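Worth saying up front: this structure is predicted, and the values here are computed from it rather than measured.
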Amino acid sequence: MSTIIHLEYEGKAARFILQAPKRKNPPPFVERSTPSGRISRFRVMSAGTKPEPAGLSADEIALGDPELDLARAGCIADSDLLSPAYLNARGEVVRDFEEIEVVEAVDGTEKERRPRTRRDANINDVRALRVGKMMPWVDAFSSFVFRTTYQIVHSDGLGHEFLLRLAGLLHREKSVAVIGAGQKGNAPLVLREKGSPYRGFLFGEVDGDSYRLLLLLSNQELKLPV
C-alpha cells in the first residue's frame, strides 16, 4: 500500500505518493545459491509451544515432545498476521508494561524520562501539511541528521505542475522548505500509527520539465556541547 502525503502550497492543496528515491543506477543483481540450487529468503515459523505446557508430566516430556506444536514448524509466516511480543530477561512474555522515552542531553547524559506518547499518523489528514519558511541547503545539511528520505511523485498533470513549481522554487533559492502538521503548521510529522515524530524538510531539483522533490526527515539536531 502506497503512503500518501497531503501538501499545501500557494493556497492549493493536493495529495501525492511517497516512495523510495529512484536510483540513477540500478543496484547490482546478487544471486545466492548452493550446490542444491538458488536460495530464496522467507520468514518461517519455528515449532510453537502448545497451551498449558506446565500441565504435562515429566514422563510425557521424556517420551516425546508434547509441549511443542511441530505442525507449525517450517510454515511460511504471514507478516500481516504477526504481532510483536515483549519478553523479560527470563524469556517470559510481558503484557503489562509502560514504554518510556529517554531524553539525552548534548553530551549524552540522561536528561529526562517520560511515558511514551501514542501518536497518530498525520501526513494525510484533512488539514494539509503546510510548506513553511525556507532554509539554505548548507545550513540544513550541517544542522540536522536526516534519518529517512522519500521522493514525492505525481499521478496526473496538475500534480506535476504543482510539484514542478515547488521544486523549481527550492532549486533557484538553493534552500529547503520546512513543512509541519497541525493547525499552525508547526507540529512534527508522524508517518504511521504509533510512529516517531520527525521534522520535515523539502528538497527540490529541476531540469527542464523534470523535477525531483524529496521529503527529508530528521529527529536529531546537531549541536556543540557548551
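- Using a 4.5 Å heavy-atom threshold, the side chains of L217 and L189 count as touching.
- The existence of a salt bridge linking E221 and R199 is confirmed by a sub-4.0 Å separation between a basic side-chain nitrogen and an acidic carboxylate oxygen.
- Within the 4.5 Å cutoff, no side-chain heavy atoms of V94 are placed close to those of L87.
- Heavy-atom contacts from other residues, nucleotides or ligands closer than 6.0 Å to CZ of R165 number 12 or fewer.
- Residues I152 and L7 meet the side-chain proximity criterion, which asks for heavy atoms closer than 4.5 Å.
- Taking 4.5 Å as the limit, some side-chain heavy atom of T34 sits within range of a side-chain heavy atom of I39.
- In this structure, CZ in R116 is found 10.5 Å from CZ in R118, a value given to the nearest 0.5 Å.
- Note: I17 CD1 to Q151 CD = 11.5 Å, rounded to the nearest 0.5 Å.
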What pairs of donor and acceptor atoms, side-chain ones from residues 127-149 against any protein atom, are under 3.5 angstrom apart with sequence neighbours left out?
| residue | atom | partner | partner atom | Å |
| --- | --- | --- | --- | --- |
| R130 | NH2 | Q183 | O | 2.9 |
| W137 | NE1 | S175 | O | 2.9 |
| S142 | OG | V138 | O | 2.6 |
| S142 | OG | D139 | O | 3.3 |
| S143 | OG | D139 | O | 2.6 |
| R147 | NE | N219 | OD1 | 2.9 |
| R147 | NH2 | Q220 | OE1 | 2.4 |

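- The backbone N or O of P188 lies less than 3.5 Å from a partner atom in the side chain of N122, making a donor-acceptor pair.
- Both Y150 and Y9 are assigned to one and the same hydrophobic cluster, defined by single-linkage of ILVMFWY side chains at heavy-atom distances under 4.5 Å.
- Hydrophobic cluster membership differs between F201 and L18, with clusters built from Ile, Leu, Val, Met, Phe, Trp and Tyr side chains linked at under 4.5 angstrom.
- Shown here for L170 and V176, the closest heavy-atom pair between the two residues is CD2-C, 4.1 Å.
- Here E10 does not pair with K12 in a salt bridge; the nearest charged N to carboxylate O distance is not below 4.0 Å.
- From I5, atom CD1 reaches atom CZ of R15 across 11.0 Å, with rounding to the nearest 0.5 Å.
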For residues 202-210, which side-chain N or O atoms pair as donor and acceptor with protein atoms under 3.5 Å away, sequence neighbours left out?
| residue | atom | partner | partner atom | Å |
| --- | --- | --- | --- | --- |
| E205 | OE1 | R212 | NE | 3.3 |
| E205 | OE1 | R212 | NH2 | 2.6 |

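- With sequence neighbours excluded, no residue forms a side-chain contact (heavy atoms from CB on, under 4.5 Å) with S155.
- Atoms CG and NE2, on L164 and H171 in that order, are 11.0 Å from each other to the nearest 0.5 Å.
- There is a path of hydrophobic side-chain contacts, each under 4.5 Å, that joins L215 to F162.
- Between the E8 side chain and the A13 main chain, no donor and acceptor come within less than 3.5 Å of each other.
- Ring orientation note: the planes of H154 and Y211 are tilted relative to one another, at an angle of 30° to 60°.
- One hydrophobic cluster, built from ILVMFWY side chains closer than 4.5 Å, cannot hold both L216 and L163; they sit in different ones.
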What's the verdict on side-chain contact (heavy atoms from CB on, under 4.5 Å) for T109 and E104, showing C-alpha distance, side-chain angles and the deciding distance? CA-CA 5 Å; T109 58; E104 296 182 349; over 6 Å; no

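- The backbone N or O of I123 lies less than 3.5 Å from no partner atom in the side chain of H6, so there is not a single donor-acceptor pair.
- In terms of heavy-atom proximity, S33 sits nearest to R38 at CB-CA, 3.9 Å.
- Ion pairing of R119 with E101 is present here, as a side-chain N (NZ or NE/NH1/NH2) and a carboxylate O approach within less than 4.0 Å.
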